[in-house]
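Here it is, the structure in full.
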There are 2 protein chains.
Amino acid sequence: MKVTELAKSLGTTADTVRYYTRLGLLKPAKSVNGYKSYSNKDVSRLKFILSARNLGFSVADIKQILNESEDGKSACPLVRSLIKERLEETEKQFQAMLALRGKMSSALSQWEEMEDKAPTANMVCHLIENFEKIKKA
Amino acid sequence: MKVTELAKSLGTTADTVRYYTRLGLLKPAKSVNGYKSYSNKDVSRLKFILSARNLGFSVADIKQILNESEDGKSACPLVRSLIKERLEETEKQFQAMLALRGKMSSALSQWEEMEDKAPTANMVCHLIENFEKIKKA
DNA sequence: CTTGACCTGTGTCTAAGACACAGGTCTAAG
DNA sequence: CTTAGACCTGTGTCTTAGACACAGGTCAAG
């Protein structure tokens with residue numbers, strides 16, 4: 001199986017497959033012409049990787065998980081502990097985005113009824129530079 | 001004013017100041033010993049940059065805005081149009097994070113009552129690989 | 001045999017700084 | 001004056017997860 005073939009069969013891109021290959025997550029044999037040749041085992045591994053990415057695991061996480069399972073150990077405890085970490089991070093980022101979204105949309109509406117001003121020596125754009133001050137208005 | 005001095009006075013890091021300097025957003029003079037020497041104008045520019053970053057503008061956006069205002073033009077129209085774009089992006093990412101957060105926390109709770117399993121030839125971790133299937137349960 | 005379409009691996013690029021590092025500066029003690 | 005140590009400097013490299021560019025290889029149709 002060639003790289004594009006594998007990628008398409010699982011709904012991803014050749015670049016993604018190549019990336020995982022570079023990291024050693026997939027281990028294709030080298031075919032005669034130097035092209036990479038992927039096995040059925042690579043197919044299941046890639047399937048796993050894509051599922052895990054979809055659940056918010058980082059590629060580094062996945063590498064760790066695959067290593068664990070290659071030693072014959074159950075990766076389940078590691079998986080549970082990693083997702084706890086990732087979920088906490090996601091929660092933090094989520095709250096940050098929530099706040100940012102609020103700020104941005106309040107700025108947008110505030111700015112709609114404000115006039116344009118030319119820059120001055122110590123003011124680039126009064127919309128931005130006065131935003132925090134009049135936010136409560 | 002030296003780099004750390006400027007950074008601390010506005011509550012940011014020397015690395016950040018150096019980064020903006022590399023991009024040409026700040027234009028320090030070179031002092032005798034080769035150190036960068038920042039002026040009051042750099043102080044106001046940095047203040048502006050930090051406010052804009054805080055509102056979700058990218059550094060590239062800010063570069064554009066500064067260029068506009070350096071030509072003496074009002075940057076307000078550009079600022080309004082850019083924040084509209086950024087807000088849309090933020091909204092998309094926000095929805096994506098919302099969905100991801102839901103998926104992750106549902107996985108976490110589902111996995112708490114599932115047993116560990118050793119890997120098999122075509123299964124790295126059954127928690128991950130069966131998640132989508134039994135999600136509704 | 002040649003054309004063109006598609007594919008390949010390798011190398012570089014992204015955002016926004018953080019970090020490493022070898023060396024410079026500055027203040028206080030001796 | 002000298003030396004020690006603390007802190008500072010600029011430059012260069014690293015990060016994520018791939019996307020993209022590119023020179024060259026492969027393959028089927030003609």
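A, B, ... follow the sequence lines: proteins, then strands. Residue 1 opens every chain.
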Within residues 74-83 of chain A or reaching into it, pairs that qualify as side chain to side chain donor-acceptor pair (under 3.5 Å) - sequence neighbours excluded: A:Arg80-B:Asp116
Strictly below 4.0 Å, heavy-atom distances to any atom of DNA chain C: list the hits from residues 43-62 of chain A, or just say none. none
Looking at B:Glu89 and B:Arg86, does any basic side-chain N land under 4.0 Å from a carboxylate oxygen? yes
Is it true that the side chains of A:Thr120 and A:Asn122 contain a donor and an acceptor less than 3.5 Å apart? yes
Note: B:Pro119 and A:Ser69 closest approach over all heavy atoms is CG-O, 3.3 Å
Cluster check B:Leu108, A:Leu78: I/L/V/M/F/W/Y, side chain < 4.5 angstrom: yes
With a strict under 4.0 Å distance from non-hydrogen atoms of chain B, what nucleotide opens and what nucleotide closes the contacted stretch of DNA chain D, reading 5' to 3'? D:dC8 to D:dT13
Whether the A:Gln95 and A:Glu91 side chains hold a donor-acceptor pair (N or O, under 3.5 Å, no angle test) is what I'd like checked. yes
Side-chain donor-acceptor contact under 3.5 Å, B:Ser51 with B:Asn54: no
Around atom CG of B:Asn40, are there more than 12 heavy atoms of other residues, nucleotides or ligands at under 6.0 Å? no
Testing the basics here: between B:Cys125 and A:Cys76, what is the closest heavy-atom pair and its distance to 0.1 Å? SG-SG, 4.0 Å
First of B:Tyr35 and A:Asp15 reached from the 5' end of DNA chain C, by closest nucleotide: A:Asp15
Interatomic distance where CD belongs to B:Gln64 and P belongs to C:dA15 [whole Å]: 13 Å
Check each residue of residues 2-13 of chain A for a non-hydrogen atom within less than 4.0 Å of any atom in DNA chain C, then write out the ones that pass by number, or none. A:Lys2, A:Val3, A:Thr4, A:Lys8
Which heavy atom of B:Glu115 sits nearest a heavy atom of B:Leu127, and at what distance? O-CD2, 4.3 Å
How close do B:Val124 and B:Glu129 get, counting heavy atoms only, and between which atoms? N-OE2, 2.5 Å
Heavy atoms of A:Ala107 and A:Phe131 approach each other most closely as CA-CE1, 3.5 Å
Output a table of donor-acceptor pairs, distance under 3.5 Å, between side-chain atoms of residues 17-28 of chain B and any protein atom two or more places apart or on a different chain; print 'none' if there are none.
unit_1	atom_1	unit_2	atom_2	d
B:Thr21	OG1	B:Val17	O	2.7
B:Thr21	OG1	B:Tyr38	OH	2.7
B:Lys27	NZ	B:Glu70	OE2	3.0

Considering the terminal five base pairs at each end of the helix from C:dC1-D:dG30 to C:dG30-D:dC1, what angle separates the two local helix axes, rounded to 10°? 30°
